[in-house]
Amino acid sequence: MLRFLQKLGRAGFELLRRPMSRVFAGDQNPLNHLGALTIFFFWIVLISGIWLFIFFHTSVNGAFESVEYLTRQQWYLGGIMRSLHRYASDAAILTILVHIIKEFVLDRYRRNRWFNWVTGVPLVWMVFPLGITGYWLVWDELAQYVAINSAELMDSIPIFTNAMAGNFLSADLLSDRFFTLMAFMHLIGLPIFLVFGIWLHVFRLNSPNINPPRRMMAASLLCMLVLSAFLPAVSHDEANLAMTPQVLNLDWYYLHIYPLIQLWSPGWVWVFLVVISSLIVLAPWLPPAHKAPVAVVNLDNCNGCKRCADDCPFGAVQMMPRSDGLSYAHEAVVNADLCISCGICVGACPTATPFRARSELVPGIDMPGQPVAELRDEIRSTAAMLVGPQRVMTFGCKGNRSTTELRSAGAGIIEVACMGQLPPSIVDFVLSRDHADGVLLLGCEDGDCNYRLGAAWTEQRIARRRDPHLRRRIDLCKVALGWQAPWCDTNNASDMHEKFKDTLVTSEAVDSQIANGVPASSS
Ligand code: HEM
Ligand code: SF4
Ligand code: SF4
């Protein structure tokens, strides 16, 4: 059932991704920065919230007036800030929702990724009360509706014993103290927990992407400013506990749960929320995922250089004091509970070089499922099948769309778990030993690396901005990356890149590739 949902979701996600990647190239695609965008929206919420708080009256009688003042008299700043506060909060719900769907459909939530997934759930439980208490503070008719229904919801939990709803039965009982409690939760309590929750959510990741690209931030802020200017957030009429509000414009981002309270009983709404949350929490183990063999350190070849630890996207490699008496200070140790079997550490290891004699080709760190020695053999057998004037050796990430399409079209392609698994010396080996005239690396679409940092590290290693880097004797123009612009636009590599770009989408172009030197499937 879950597999079916994932497949369905992936098809839907592709429908969204394709037009998005046409409009936003590579790094500028919001779908690659959903967590970071959410954090950016929280920044906007925080800054605009501070402004609103300066003018806000934390009392039942003063709240509505103070928000009206901000919206109408101070529309040029307070009104804009209020609207920004609202739109950024709404946008955060959208990005969170797409973030969850994306991680689920792309299967990035199971195995050792369960931690990020599970710690995401309490974040949702914090974000919704944040929005709900925000609506409450305006103290208009919508706030009254929210307050009464929330109180019913709380009262259905046995420990509250009808105390909260009583607060809203009449104006006399509604105290400023209670209102101050809501303000405290909205302004201080929940935000503090949220910051801690976000830290917990990402702290195990290496270099978590918490800031979207600047252009994306500027563009989204501009959109919200325009929206705020032309469609400002406004209040309903002031709350009146003597009357029942007639017309309510419900916010469907935060308040969709309230109609359910009227439809079902508050108790059933709780059951619904708890069941949904529990299912989401348990999803990584439904069913338990098969775990691929994790990276293995070979101490005889590890010099403790730390590159594997620096490059592992999941913080699975730690540098520990040397245990084997060799003169190096440190050795790499893999934490099997964190390793996701991406192989990126192998691409980072300077000892993972195919130039060594066969008997010696055991790098400091290697993947038992596809050791570097085996990769070298695969390169040799693939090279023997390459024909034509422009022989291109293609490497592709396992299971990604371009690799699968090329493979099913019959093209020979060497598959690796992640492009970051390829040490740059492999590219050097292919070209300097004349196994091919060009190398094409096909990473995940739009640079949205399945293992977070594989595409980025590969780009930097090939561009000689990160160690281990591609040696200078290799002409960069003979190397093309399938997920980004070619290195230079005047020679073979750009032609090769252009041609391969086509092969990703048309089988006709794949045929021409095969005719031009990509081997028939070597499997
Ligand atoms: C306040 C809401 C949230 C924020 C701000 C947030 C933010 C982030 C950030 C910044 C990352 C790191 C991205 C990267 O560098 O690759 C991340 C990863 C992740 N998030 Fe969230 N997240 C939120 C909610 C959630 C929720 C509700 C879930 C799921 C229930 C979730 C699941 C995940 C998973 C599975 C990853 C790991 C992805 C990977 O390993 O490639 N997140 N999140
Ligand atoms: S295989 Fe990937 S997750 Fe495991 S240690 Fe190497 S880089 Fe880290
Ligand atoms: S990159 Fe290789 S040599 Fe360096 S610490 Fe890691 S395993 Fe050892």
Side-chain angles (χ1 to χ4, degrees), residues 32-42 92-93 95-97 99-104 106-127 130 194-195 197-199 201-212 277 280-281 283-284 292-299 301-320 328 330-336 338-352 363-369 417-418 420-421 423 448-454 457 467-468:
N32 295 353
H33 300 275
L34 292 162
L37 268 175
T38 309
I39 295 176
F40 174 63
F41 295 143
F42 286 150
I93 291 293
T95 46
I96 292 173
L97 186 69
H99 179 53
I100 302 175
I101 294 173
K102 182 183 168 192
E103 302 307 328
F104 173 71
L106 298 183
D107 206 30
R108 296 180 185 169
Y109 68 104
R110 297 190 302 146
R111 302 180 186 89
N112 294 344
R113 278 163 148 152
W114 67 267
F115 183 82
N116 301 89
W117 180 262
V118 170
T119 53
V121 178
L123 294 180
V124 177
W125 276 84
M126 287 176 223
V127 170
L130 248 177
L194 187 63
V195 170
I198 294 176
W199 171 80
H201 187 57
V202 299
F203 92 100
R204 273 176 33 164
L205 298 175
N206 180 2
S207 315
N209 175 13
I210 52 172
N211 293 312
S277 304
I280 296 176
V281 166
V294 303
V296 172
V297 174
N298 180 284
L299 277 189
N301 290 303
C302 170
N303 60 26
C305 70
K306 193 173 169 281
R307 283 179 197 152
C308 51
D310 288 344
D311 281 11
C312 171
F314 302 96
V317 186
Q318 280 175 308
M319 299 311 295
M320 305 296 264
Y328 307 110
H330 294 104
E331 66 186 38
V333 176
V334 175
N335 181 342
L338 299 182
C339 178
I340 245 155
S341 313
C342 64
I344 292 174
C345 49
V346 179
C349 183
T351 67
I365 195 161
D366 212 352
M367 299 311 296
C418 172
Q421 183 187 342
D448 179 25
C449 177
N450 194 32
Y451 295 105
R452 300 188 55 246
L453 302 172
W457 292 166
D467 282 333

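Given the structure is predicted, the values throughout are model-derived calculations rather than measurements. Counting starts at 1 for both ligands and their atoms, in listed order. Excluded from the calculations below are hydrogen atoms, water molecules and symmetry mates; all remaining heavy atoms, backbone and side chain alike, are included.
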Could you tell me whether the side chains of R108 and N450 share a donor-acceptor contact shorter than 3.5 Å?
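Yes, side-chain donor-acceptor contact under 3.5 Å.
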May I ask you to identify the nearest protein heavy atom to [atom], giving residue, atom name and distance to one decimal place in Å?
atom: atom 3 (S) of ligand 2; result: I340 N, 3.2 Å
atom: atom 8 (Fe) of ligand 2; result: C312 SG, 2.3 Å
atom: atom 2 (Fe) of ligand 2; result: C342 SG, 2.2 Å
atom: atom 1 (S) of ligand 2; result: G343 N, 3.1 Å

Could you pull out the N/O/S protein atoms under 2.8 Å of atom 6 (Fe) of ligand 3, ignoring any water?
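For atom 6 (Fe) of ligand 3, the protein N, O and S atoms that sit under 2.8 Å away are C308 SG.
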Under 2.8 Å from atom 8 (Fe) of ligand 2 - does any N, O or S atom of C339 fall there?
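No N, O or S atom of C339 is closer than 2.8 Å to atom 8 (Fe) of ligand 2, so no.
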For W125, all residues meeting ring pair (Phe, Tyr, Trp, His ring centres under 6.0 Å), sequence neighbours excluded
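Not a single residue meets the ring pair (Phe, Tyr, Trp, His ring centres under 6.0 Å) criterion with W125.
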Under the ring pair (Phe, Tyr, Trp, His ring centres under 6.0 Å) rule, collect the residues that match up with F104, sequence neighbours excluded.
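With neighbours one apart ignored, the set is Y109.
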Which ligand 3 atoms does M319 reach within 4.0 Å, using its non-hydrogen atoms?
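Near M319, meaning under 4.0 Å from one of its heavy atoms, ligand 3 has 5 (S).
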Give every pair made of an N or O atom of ligand 1 and a protein N or O atom lying under 3.5 Å apart, one pair per line with both atom names and the distance to 0.1 Å, or write 'none'.
residue, atom, partner, partner atom, Å
ligand 1, 15 (O), N209, N, 2.7
ligand 1, 15 (O), R452, NE, 3.4
ligand 1, 15 (O), R452, NH2, 2.9
ligand 1, 16 (O), R452, NE, 2.8
ligand 1, 20 (N), H99, NE2, 2.8
ligand 1, 20 (N), H201, NE2, 2.8
ligand 1, 22 (N), H99, NE2, 3.1
ligand 1, 22 (N), H201, NE2, 2.9
ligand 1, 40 (O), R113, NE, 2.9
ligand 1, 41 (O), R113, NH2, 3.2
ligand 1, 42 (N), H99, NE2, 2.9
ligand 1, 42 (N), H201, NE2, 2.8
ligand 1, 43 (N), H99, NE2, 2.9
ligand 1, 43 (N), H201, NE2, 2.8

Passing option when T95 is tested against I100, I39, L37 for side-chain contact (heavy atoms from CB on, under 4.5 Å):
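Exactly one option meets the side-chain contact (heavy atoms from CB on, under 4.5 Å) with T95, and it is L37.
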